[in-house]
Participant: 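Here it is, the structure in full.
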Number of protein chains: 2
Amino acid sequence: MSHHATRTLQELGYRLTPQRTLVWDALREAGGHLGAEEICARVQTRFPNVNISTVYRTLELLVELGLVRETVLGSDRRYYEVEEEVPHHHLVCDGCGRVLHVHNEDLGGLTAGLLRNQGFRLREMTAFGYCRECAAAGGPHGDRAADGAEGGGDHAHP
Amino acid sequence: MSHHATRTLQELGYRLTPQRTLVWDALREAGGHLGAEEICARVQTRFPNVNISTVYRTLELLVELGLVRETVLGSDRRYYEVEEEVPHHHLVCDGCGRVLHVHNEDLGGLTAGLLRNQGFRLREMTAFGYCRECAAAGGPHGDRAADGAEGGGDHAHP
DNA sequence: CTTATTGCAAAAAATTTGCAGGTAA
DNA sequence: TTACCTGCAAATTTTTTGCAATAAG
């Protein structure tokens, strides 16, 4: 495990099990965004007997304790990442699926504006659009194709 | 159905079936955000034999043609709404689940800022946080409780 | 010792897909 | 007529839950 996570768990009376440590470590080592299945796969690399339901339960707990952040980046993209001191926001490219990060200071007047106009206190935001490369290419580009962004429709119509 | 939707479908060679008309009408009448199940329920109010898979297929088509917009507002909140001329963005309240709308001009310098700093061309964004009422109440409030925002943890620990 | 946790399997919930018959054009 | 569409049921996929056995503190 590492730093305060261990302490937080124990101080709150939760047990420090190897499964929890493994999930946490996988999350830290990856650095980026991981889905539950991915996390489970990484954990099972070393301990094949760890069950996916345990991973789900552990993630739920870690999110509840504020140690991990859960972000929904699209239809079926529910990712987890270690909660950092300085929270960041996400930019999801419709073209290549890439995920970029943005910090509060680069949000422009968004936070203040929403608070002023709607009384809305922003915690986190996710934006969809095209990254520099895809925008330049005038469309999709890259390795990770997004779901609904191909060239032509694949439906009916002769 | 209504206005250009009918035309768009037909011009592109798609058939104008009663099911498609019903889904479209349900979406227009509701005005707000509807999930696939909800749309299906509304349609079935008048035509009980319309199948949910047809609703899914119709939504997929309408989204593909740009007539309907699909927005993911959280873990399992995949909503649909008629695509408007002036696109808007969403603010989801972590407290009551309410969904507010924001237009481009109220985004502050976000669009320009992201383009300048990251070369990211914003199409749509969703922000999570607390609405005026919930923020004022210092926490959750309202009828539609959000998933992970209750008062105390319901996990273990004696 | 106590009981929070885990593993497993089965339950749920949400979409998607294969097909044969129905129907818009 | 023709082949796009629909209804139905079964298959997927993803997450949750019941329970007895296990192990953390």
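Quick caveat, the model's predicted, so the values are computed rather than measured. Heavy atoms only: backbone and side chains are in, while hydrogens, waters and symmetry mates are out. In what follows, chains are A, B, ... by sequence order, proteins preceding strands, each numbered from 1.
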Participant: If you take the centroid of each ring, where Trp contributes its six-membered ring, are B:His103 and B:His101 closer together than 6.0 Å?
Facilitator: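 When the ring centroids of B:His101 and B:His103 are compared, they turn out to be at least 6.0 Å apart.
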Participant: Quickly work out the B:Glu64 CD to C:dT16 C1' distance and round it to whole Å.
Facilitator: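 In whole Å, C:dT16 C1' and B:Glu64 CD are 15 Å from each other.
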Participant: Among C:dT5, C:dT6, C:dT17, find the nucleotide with the atom closest to the side chain of A:Tyr14.
Facilitator: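 That would be C:dT5.
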Participant: When the nearest nucleotide of DNA chain C is assigned to B:Arg78 and to A:Ile52 on a heavy-atom basis, which residue is associated with the more 5' position?
Facilitator: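 Of the two residues, A:Ile52 wins.
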Participant: Report the distance from atom CG of B:Leu59 to atom C1' of C:dT16, rounded to the nearest whole Å.
Facilitator: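 After rounding, the gap between these two atoms is 14 Å.
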Participant: Please tell me which of the listed nucleotides, C:dG7, D:dT15, C:dT15, lies nearest to the side chain of A:Tyr56?
Facilitator: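 Of C:dG7, D:dT15, C:dT15, D:dT15 is nearest to the side chain of A:Tyr56.
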Participant: OP1 or OP2 of D:dG25 versus the side-chain N and O atoms of A:Gln10: is any pair under 4.0 Å?
Facilitator: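 Result: yes.
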Participant: Taking the side chain of A:Ser53 as its heavy atoms from C-beta onward, which of D:dT6, C:dA14, C:dA9 lies nearest to it?
Facilitator: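 Minimum distance to the A:Ser53 side chain belongs to C:dA9.
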Participant: A:His4 and A:Glu11: side chain to side chain donor-acceptor pair (under 3.5 Å), yes or no, with the steps?
Facilitator: CA-CA 10 Å; A:His4 73 301; A:Glu11 280 179 355; over 6 Å; no
Participant: Could you please name the option among C:dT17, C:dG7, C:dT5 that lies closest to any side-chain atom of A:Asn49?
Facilitator: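 So the side chain of A:Asn49 is nearest to C:dG7.
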Participant: Output the rounded distance in Å from CZ (A:Arg77) to C1' (D:dT14).
Facilitator: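 Value for this atom pair: 16 Å.
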Participant: Side chain of B:Leu16 only, please: which of C:dT5, C:dA25, D:dC5 is the nearest?
Facilitator: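 Among the listed nucleotides, the one closest to the side chain of B:Leu16 is C:dA25.
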Participant: Rounded to whole Å, how long is the line connecting atom CD of A:Glu38 with atom P of D:dT15?
Facilitator: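 From A:Glu38 CD to D:dT15 P: 11 Å.
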Participant: Starting from the 5' end of DNA chain C, give me the residue, B:Pro18 or B:Asn51, whose nearest nucleotide shows up first.
Facilitator: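 It is B:Asn51 whose nearest nucleotide is closer to the 5' end.
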Participant: Give a yes/no on whether any side-chain N or O of A:Gln19 is located under 4.0 angstrom from OP1 or OP2 of D:dA23.
Facilitator: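 So the side-chain polar atoms of A:Gln19 never come under 4.0 Å of the phosphate oxygens OP1 or OP2 of D:dA23.
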Participant: Counting just side-chain N and O atoms, does A:Thr17 come under 4.0 Å of either OP1 or OP2 of C:dT6?
Facilitator: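 Checking C:dT6 against A:Thr17, a side-chain N or O does come within under 4.0 Å of OP1 or OP2.
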Participant: For the pair made of CZ in A:Arg57 and P in C:dC8, what is the distance, rounded to whole Å?
Facilitator: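 So the two atoms are 11 Å apart, to the nearest Å.
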Participant: Take atom OH of B:Tyr80 and atom C1' of C:dA14, then tell me their distance rounded to the nearest Å.
Facilitator: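 Computing the B:Tyr80:OH to C:dA14:C1' distance gives 10 Å.
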Participant: With respect to the phosphate group of C:dT5, does any side-chain polar atom (N or O) of A:Arg20 fall under 4.0 Å of OP1 or OP2?
Facilitator: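 True: A:Arg20 side-chain N/O within range (under 4.0 Å) of C:dT5 OP1/OP2.
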Participant: Check the surroundings of atom CZ in A:Arg46: do more than 12 heavy atoms from other residues, nucleotides or ligands lie under 6.0 Å from it?
Facilitator: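 12 or below, so no.
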Participant: So does B:Arg15 reach the base of D:dC4 with its side chain, donor to acceptor, closer than 3.5 Å?
Facilitator: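 Checked by distance alone, the answer is yes.
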Participant: Charged N to carboxylate O under 4.0 angstrom, A:Glu124 versus A:Arg69?
Facilitator: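 Salt bridge present between A:Glu124 and A:Arg69.
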Participant: Atom CD1 of A:Ile39 and atom P of D:dT14: how far apart are they, to the nearest Å?
Facilitator: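 Distance, rounded to whole Å: 14 Å.
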Participant: Rounded off to whole Å, could you give me the CH2-to-C1' distance for the B:Trp24 and D:dC5 pair?
Facilitator: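 These atoms are roughly 19 Å apart.
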Participant: Would B:Leu67 end up clustered with B:Leu59 when hydrophobic side chains under 4.5 Å apart are linked, directly or stepwise?
Facilitator: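 Yes; tracing contacts between hydrophobic side chains, which count when under 4.5 Å, links both residues.
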